[in-house]
There are 2 protein chains.
Amino acid sequence: MLATLAEAGFSDTRARRAVVDALCEADSGASPADLLARGRSRHSRLGQVTVYRTLGILERLGLARKLHQEDGCSLYAASTRGHGHHVICRTCRRVAEFEGCSIEKVLSSVTARTGYTVEGHWLELVGLCPACRGKR
Amino acid sequence: MLATLAEAGFSDTRARRAVVDALCEADSGASPADLLARGRSRHSRLGQVTVYRTLGILERLGLARKLHQEDGCSLYAASTRGHGHHVICRTCRRVAEFEGCSIEKVLSSVTARTGYTVEGHWLELVGLCPACRGKR
DNA sequence: TTACTTGCAAAAACTTTGCAGGCGC
DNA sequence: GCGCCTGCAAAGTTTTTGCAAGTAA
């Protein structure tokens with residue numbers, strides 16, 4: 001992830017590393033505030049603004065993805081570069097990434113029914129992770 | 001839509017009607033601010049707060065759906081009650097609703113690969129509507 | 001009448017911007 | 001050393017809350 005940042009021409013700074021590490025260590029969706037808190041354990045002078053700015057960069061590079069949810073959409077999760085989707089646990093917010101969403105069939109039927117040319121899609125699953133399912 | 005509100009125990013007020021009508025007449029995603037503006041042409045004393053409150057009710061009843069987008073997620077669209085998804089035009093924001101997203105196969109493969117129990121999903125398509133495609 | 005609604009004003013929450021100083025390269 | 005980065009403070013936005021007055025039933 002840091003390597004990709006470097007390739008893209010961004011310098012390797014302490015603040016960015018703190019944000020990136022905080023995001024990667026989290027196996028659940030993290031809000032900018034969460035990331036600030038976690039990042040500060042690595043770099044105490046880290047500011048919220050830098051978290052936002054770094055997230056912006058990561059998002060543009062496809063390294064982080066914003067998770068959208070019923071009750072707001074300001075959680076972020078690390079993401080393998082490129083296309084992919086996330087499943088998020090409705091209880092603990094832990095996320096898992098997956099690829100291959102065979103929705104080609106849906107696309108053609110939507111095109112036929114609505115006349116739209118579909119260029120992109122956003123898919124997100126919600127459920128219970130193995131750990132939370134066990135707890136019940 | 002108003003009938004459904006009544007059945008759910010909400011009274012039929014001028015303000016709510018203004019918001020509902022504004023949302024229904026819009027064939028594109030509308031922000032709370034858009035709805036306030038449009039709603040005021042019907043009920044000039046309408047306040048922004050009521051727009052938010054009404055949208056909250058409609059959302060809970062499944063009559064309105066929040067559209068999530070790259071650059072923020074505060075657009076709403078009227079929605080047929082129950083399960084469904086939207087395609088939104090990336091140019092004019094016009095939306096169309098569709099049902100039948102055959103993602104059952106995806107679900108089982110995700111369950112197998114991640115161990116999550118998937119309970120719900122959220123899918124949104126982006127593209128060009130017939131009108132915007134023609135304009136180019 | 002009685003409880004539900006509304007809208008104003010204010011507060012709160014969340015993001016972005018301006019800018020002087022700091023740090024990576 | 002030069003130019004990209006950072007963080008503080010402040011400004012902007014968006015959404016929520018408190019409350020007295022208004023309205024549906």
Side-chain angles (χ1 to χ4, degrees), chain A residues 1-23 29-61 63-64 66-76, chain B residues 1-23 29-61 63-76 93:
Chain A
M1 194 134 150
L2 288 166
T4 313
L5 276 177
E7 283 163 29
F10 294 97
S11 26
D12 176 22
T13 68
R14 198 149 177 235
R16 278 185 191 143
R17 239 171 303 147
V19 177
V20 167
D21 290 350
L23 183 66
S31 67
D34 291 338
L35 293 172
L36 175 64
R38 290 188 201 172
R40 278 193 163 155
S41 65
R42 293 181 164 76
H43 175 47
S44 58
R45 298 177 40 69
L46 181 65
Q48 183 73 75
V49 184
T50 301
V51 174
Y52 278 107
R53 289 193 277 228
T54 305
L55 282 174
I57 293 172
L58 295 176
E59 225 183 330
R60 257 174 281 141
L61 295 179
L63 298 172
K66 189 183 251 177
L67 303 178
H68 298 249
Q69 305 187 97
E70 298 291 319
D71 61 327
C73 32
S74 45
L75 292 189
Y76 288 82
Chain B
M1 193 134 149
L2 288 166
T4 312
L5 276 178
E7 284 163 29
F10 294 97
S11 22
D12 177 22
T13 68
R14 201 153 174 230
R16 279 186 190 142
R17 239 172 302 148
V19 176
V20 167
D21 290 350
L23 182 67
S31 67
D34 290 339
L35 294 173
L36 174 65
R38 291 189 201 171
R40 279 193 163 155
S41 66
R42 293 183 165 74
H43 176 47
S44 57
R45 300 178 36 69
L46 181 64
Q48 183 72 78
V49 184
T50 300
V51 174
Y52 278 106
R53 289 193 275 227
T54 305
L55 282 173
I57 293 172
L58 295 176
E59 227 182 327
R60 256 174 282 140
L61 295 179
L63 298 172
R65 180 148 39 236
K66 190 183 251 176
L67 302 178
H68 299 248
Q69 304 188 99
E70 297 292 318
D71 60 327
C73 31
S74 46
L75 293 189
Y76 289 80
R93 294 191 157 168

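As the structure is a prediction and not an experimental result, all values here were calculated from the model.
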- Message: For a quick test of reading the model: is some side-chain N or O of R53(B) closer than 4.0 Å to OP1 or OP2 of dT6(C)?
- Response: no
- Note on the structure: Here the distance between atom P of dC5(D) and atom CG of L58(A), to the nearest Å, is 13 Å
- Answer yes or no: does a side-chain N or O of R16(A) lie under 4.0 Å from OP1 or OP2 of dT6(D)? yes
- Item | Exam field: side chain R16(A) to backbone T54(A), donor-acceptor pair closer than 3.5 Å | no
- Task: Assign each of T13(B) and V49(B) to its nearest nucleotide of DNA chain D by heavy atoms, then name whichever residue's nucleotide is nearer the 5' end.
- Result: V49(B)
- Message: Quick check: on DNA chain C, is the nucleotide nearest P32(A) upstream (toward 5') of the one nearest G47(B), or the reverse? Name the residue that is more 5'.
- Response: G47(B)
- Any side-chain heavy atom of R17(B) within less than 4.5 Å of one from R42(B)? no
- Item | pair L58(B)-Y76(B): side-chain heavy atoms closer than 4.5 Å | no
- Query: With respect to the phosphate group of dC5(D), does any side-chain polar atom (N or O) of S11(A) fall under 4.0 Å of OP1 or OP2?
  - Reply: yes
- Query: Can a side chain N or O of Y52(A) be found less than 4.0 Å away from OP1 or OP2 on dT15(C)?
  - Reply: yes
- Message: Does a side-chain N or O of H43(A) approach OP1 or OP2 of dG7(D) to a distance below 4.0 Å, or not?
- Response: yes
- Is R93(B) reaching over with its side chain to a backbone N or O of G29(B), donor-acceptor style, under 3.5 angstrom? no
- Note: for R45(B) and Q48(A) on DNA chain C, the residue whose nearest nucleotide lies more 5' is R45(B)
